[in-house]
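Everything numeric in this text was worked out from a predicted model, so none of it was measured.
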Amino acid sequence: MTASPTPAMEPSLSAEHRERLMRVAREVSLPQGTRLSEEGGRADRFWIIRTGSIELDLRVPGRRTAVAENPGHGELVGWSWLFAPRFWHLGAETTAPVRAYEFDGTAVRSMCQDDPALGDDVSQWVGQVLAHRLRVARTRLVDLYAPHGAGRLSDPPRHRTEE
């Protein structure tokens, strides 16, 4: 599965804002097979990957869990902490030992409320990651489950017209 990487913290955030966020980060080491999130679970933190690999997955009713993406070095894992109701939309599991920076979502949201410029930068960055993840997940699901010739991703959505 090859996809362009998600927008990284650098250059998405100014140096000052990256520095401020890194002050509340804690370094974590996670063994292979660690579940970081479960779809539908409470989202209260996020990670920036330093080393290792993670699979983002989603439940597909009547099918096995589908791997949506494999974020790598410097990429954000977890965006649901920013948006109410703050439940994970994807699952995440380490597929090799991972070293990462972990951030407390409540602390970062508080920082963003106290500094609107930081909040705007973080919201823009996380929003770009969210848009990327939605595109990748849709592509992956079409690749896995759409009947051959069911349509291209570039086709515009079809809307029903009122009769």
Side-chain angles (χ1 to χ4, degrees), residues 1-13 18 21-22 24-109 121-158:
M1 188 177 346
T2 305
S4 61
T6 59
M9 183 190 300
E10 183 182 341
S12 297
L13 302 180
R18 283 192 314 271
L21 278 180
M22 293 309 295
V24 299
R26 74 181 188 107
E27 293 185 36
V28 296
S29 295
L30 306 163
Q32 179 177 347
T34 301
R35 288 296 291 179
L36 298 174
S37 64
E38 288 292 344
E39 191 175 342
R42 192 171 128 255
D44 60 358
R45 67 195 69 219
F46 64 98
W47 300 265
I48 304 294
I49 302 170
R50 295 175 57 212
T51 62
S53 59
I54 293 175
E55 285 184 345
L56 300 179
D57 56 52
L58 63 152
R59 286 183 249 149
V60 179
R63 308 266 184 171
R64 64 182 173 87
T65 300
V67 173
E69 189 175 13
N70 301 89
H73 172 74
E75 291 187 84
L76 172 71
V77 173
W79 51 264
S80 302
W81 60 274
L82 185 57
F83 304 104
R86 297 188 182 86
F87 291 109
W88 294 117
H89 292 267
L90 298 171
E93 184 171 329
T94 61
T95 56
V98 167
R99 289 178 36 221
Y101 295 113
E102 183 178 77
F103 299 82
D104 177 277
T106 302
V108 174
R109 283 194 312 275
D121 271 2
V122 169
S123 295
Q124 288 292 318
W125 169 49
V126 174
Q128 290 171 357
V129 170
L130 171 56
H132 169 85
R133 295 266 156 79
L134 288 172
R135 282 191 306 273
V136 169
R138 180 171 188 259
T139 300
R140 181 69 176 142
L141 291 174
V142 167
D143 287 347
L144 288 173
Y145 302 119
H148 182 68
R152 299 182 318 268
L153 287 177
S154 59
D155 289 343
R158 296 190 180 160

Inset, instruction - Would you indicate whether the side-chain heavy atoms of I54 and W47 approach each other to under 4.5 Å? - result: no

Inset, instruction - Search all heavy atoms of A68 against all heavy atoms of L58 and return the closest pair with its distance. - result: CB-CD2, 3.4 Å

Inset, instruction - Say whether, by atom type as modelled, one donor and one acceptor occur between the side chain of R45 and the main chain of F103 under 3.5 angstrom. - result: no

Legend entry - Spacing of W81 atom CH2 and D104 atom CG [to the nearest 0.5 Å]: 9.5 Å

Legend entry - Nearest-0.5 Å distance that lies between atom CG in L90 and atom CG in L36: 12.0 Å

Inset, instruction - Using modelled atom types only, decide if a donor and an acceptor are shared between the side chain of T94 and the backbone of G33 within a distance under 3.5 Å. - result: yes

Inset, instruction - Over all heavy atoms of both residues, which pair between A92 and V77 is shortest? Give the atoms and the distance, please. - result: CB-CG1, 4.2 Å

Legend entry - Heavy-atom pair of closest approach, residues E39 and D57: OE1-O, 4.4 Å

Legend entry - Rounded distance [0.5 Å steps], OG1 in T65 versus CD in E55: 10.5 Å

Inset, instruction - Mind checking the CG-CD1 spacing from L21 to I48? Nearest 0.5 Å is all I need. - result: 8.5 Å

Legend entry - Separation between CZ of R42 and OG of S37, rounded to the nearest 0.5 Å: 13.0 Å

Legend entry - Heavy-atom pair with the smallest gap, counting every atom of E27 and Y101: CG-CE2, 3.7 Å

Inset, instruction - Evaluate the side-chain proximity of P71 to L56: yes if any heavy-atom separation is below 4.5 Å, no if none is. - result: yes

Inset, instruction - Could you pull out the closest heavy-atom pair between W88 and E38, with the gap in Å? - result: CB-O, 3.4 Å

Inset, instruction - Kindly say whether D121 contributes a backbone atom to a donor-acceptor pair with the side chain of Q124 at under 3.5 angstrom? - result: no

Legend entry - Minimal non-hydrogen separation, V108 against F46, with atom names: CG2-CE2, 3.8 Å

Inset, instruction - Using side-chain contact (heavy atoms from CB on, under 4.5 Å) as the criterion, list what pairs up with T51, not counting sequence neighbours. - result: R99

Legend entry - Gap between atom CD of E75 and atom CD of E69 - 0.5 Å precision: 6.0 Å

